[in-house]
Structures are given as structure tokens and as C-alpha cells.
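A short write-up of the structure that comes next.
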Amino acid sequence: MATQAQQPPHLQLAEITASQFIDIWKHFDADGNGYIEGKELENFFKELETARRGAGVDPSHAIFKEKMKEFMDNFDKNSDGKIEMSELAQLLPTEENFLLCFREFVGSSAEFMAAWRRYDSDRSGYIESNELKGFLSDLLKKANRNYNEKKLNEYTETILRMFDLNGDGKLGLSEMARLLPVQENFLLKFEGIRLKVKEFDSLFTFYDKDGSGYIDEQELDALLKDLCDKNKMDVDSTGLVGYKKSIMALSDGGKLYRTELEIVLCEDSTL
């Protein structure tokens with residue numbers, strides 16, 4: 001029998017706090033992969049149905065399976081059979097719901113990369129807590145949400161709890177990108193082909209023909225095409241244009257320096 005500590009946070013259909021939301025998420029995303037899927041999804045939906053009906057439900061019953069399918073049709077927007085955090089946020093809206101604020105104002109990977117460049121003000125390759133606080137403050141102002149310093153600190157801590165996977169108190173680009181819808185998170189496409197520092201250095205040097213320390217949009221286009229071909233990535237020309245646009249949002253006046261491209265393509269970045 002489960003102990004009190006192992007009990008899932010009870011799902012309420014009324015609005016919940018950011019902290020309660022992340023407790024619910026972390027309980028059901030048991031393996032921490034950023035999705036609720038498989039048995040996790042069944043357990044989540046069982047708890048949801050119990051909260052709705054006030055009684056136990058039988059997952060083996062045909063009605064349960066039918067309702068679960070209807071639920072997935074409504075909330076699994078990209079039809080991948082999994083629920084991501086932003087999809088769950090629509091079902092369990094927080095009183096602040098900065099996740100949905102983020103979705104409204106940073107809806108594409110290109111907008112996200114431009115925001116990253118703006119708020120990574122010291123060009124460290126990370127968003128530290130003070131930079132994250134500035135980002136959230138601006139986001140909430142755009143959304144006309146009222147907040148005070150105490151709430152802003154709470155939101156900052158909540159985002160770190162959600163996305164700081166290695167617990168270093170700051171967010172790397174790939175960690176922060178988990179705020180994006182999965183279909184917009186182009187960084188996921190490169191997860192399996194991240195380069196070692198030496199490989200990255202050789203690649204960058206090859207495409208930086210004039211040794212200027214940066215590559216332009218045309219050189220990036222050739223680099224991405226070759227990288228996708230070499231790794232047999234199934235990417236059409238439209239996808240490549242999107243990747244290029246997103247990465248170039250990090251550039252300085254069309255000049256993409258080594259450090260900017262490194263945080264996208266390098267698995268063991270020295271930054």
C-alpha cells in the first residue's frame with residue numbers, strides 16, 4: 001500500500017497554484033522525460049476521473065478507455081500519444097499560468113531564440129535566475145497580469161524547478177526550450193546528433209571559410225544540409241528553412257559566432 005508521501009497530489013478542477021501544478025506534473029511524469037505517457041498517462045487519467053466523479057474508476061472498463069481516447073483527442077494536439085507539459089497546462093490552468101502566457105507571446109522557435117538572445121544578456125550560454133526573472137517580468141507585463149516581487153520570485157523558482165534538469169540553478173538553451181510546443185522545439189531534432197567539442201570545432205572551421213570567427217546564413221544553410229544528410233535526418237526543405245531561421249535569430253546582425261552555434265549543436269559545450 002502506498003505511503004502518504006507516495007500519494008499523488010489530488011487533482012482539483014479549480015485553478016491551482018504554479019507550485020501545485022509542478023507537483024502534479026512531477027508525480028505523473030515519473031521518469032522525468034518531459035511527457036506523461038503509457039502507464040503514467042493511465043494513472044493520470046484515472047486520478048482525473050476520480051477527481052471529476054468522486055469515486056474510483058476501473059481502467060479496464062470500456063467506458064474508461066473510451067473517455068481516455070476522447071481526452072487524448074482533445075488535449076494531445078500533436079497526436080503523439082503523449083501529453084507534454086504545455087498540453088497539461090490547458091487542462092489544469094494555474095492562477096498565474098505563465099506557461100500559456102509564454103505560448104501566446106513566444107509561439108515559435110524563432111521567437112524563442114530571439115528572446116533567448118535578448119535575455120542571455122551576459123552571453124554566458126545560460127539564463128541565470130536574475131535573467132529569468134527579467135524574462136518573466138516582461139512576459140507578465142505583456143499579458144497584463146498583475147504580480148508583485150514575491151510572486152515573481154515564486155514564478156522564477158517554479159520555472160527552475162520545472163526545467164533545470166541538472167540542478168545548477170540556471171537554464172541551458174535545451175532546458176528552456178521545453179517551454180515550447182514539441183512541434184516547435186527544433187532543438188529536439190538535434191538531440192540524437194549532438195557533437196563533441198572537437199567535432200564541432202572542426203565543423204565550424206570548415207564552414208568558416210575566411211576564418212572570421214562567424215558564419216553567415218548561406219554558410220549555415222550548407223552546414224545544416226550536410227549535417228542532416230550525414231545523420232540521415234528526414235528533414236524537408238521547409239524544415240531546414242525553419243531550423244535556419246531559428247538559429248539565425250541568435251546571430252548578431254547576420255553573423256553567427258561560434259558560441260551561439262555551439263549551444264545549439266554541441267553536447268558538451270564548454271560554455
Does K225 pair with D229 as a salt bridge, N-O distance under 4.0 Å? no
Where D120 and Y126 come nearest, the two heavy atoms and their spacing: OD1-O, 2.9 Å
Are R117 and D252 close enough that some pair of their side-chain heavy atoms sits under 4.5 Å apart? yes
Are Y257 and Y243 linked, directly or through intermediate hydrophobic residues, by side-chain heavy-atom contacts shorter than 4.5 Å (ILVMFWY only)? no
Do D80 and E37 make a side-chain contact, defined as non-hydrogen atoms from C-beta onward lying under 4.5 Å apart? no
Decide, yes or no, whether a salt bridge links K245 with E217 under the criterion of side-chain N to carboxylate O below 4.0 Å. no
According to the interplanar angle, ranging from 0 to 90°, do the rings of F44 and F71 count as parallel (below 30°), tilted (30 to 60°) or perpendicular (above 60°)? tilted
Is E154 salt-bridged to K151, cutoff N-O under 4.0 Å? yes
side-chain contact (heavy atoms from CB on, under 4.5 Å) between E66 and H61, worked out: CA-CA 9 Å; E66 186 180 320; H61 199 283; over 6 Å; no
Would you compute the distance between atom CZ of R118 and atom CD of E131 and round it to the nearest 0.5 angstrom? 12.5 Å
Please check if any side-chain donor atom of S212 sits under 3.5 Å from a side-chain acceptor atom of D208, or the reverse. yes
Would you call E42 and K39 a salt bridge, using N to O less than 4.0 angstrom? yes
Do the non-hydrogen side-chain atoms of L224 and K244 ever get within less than 4.5 Å of each other? yes
Who pairs with N74 by side-chain hydrogen bond (donor to acceptor under 3.5 Å, both in side chains), at least two apart in sequence or on another chain? none
By ring-ring contact (aromatic ring centres under 6.0 Å, His included) - contacts of F206 (at least two apart): none
Might you confirm whether atom NZ of K209 has over 12 heavy atoms from other residues, nucleotides or ligands at distances under 6.0 Å? yes
If you round to the nearest 0.5 Å, how far is CG of L250 from CG of L220? 10.0 Å
Sorted by chain and number, sequence neighbours left out, side-chain hydrogen bond (donor to acceptor under 3.5 Å, both in side chains) with Y214 holds for none
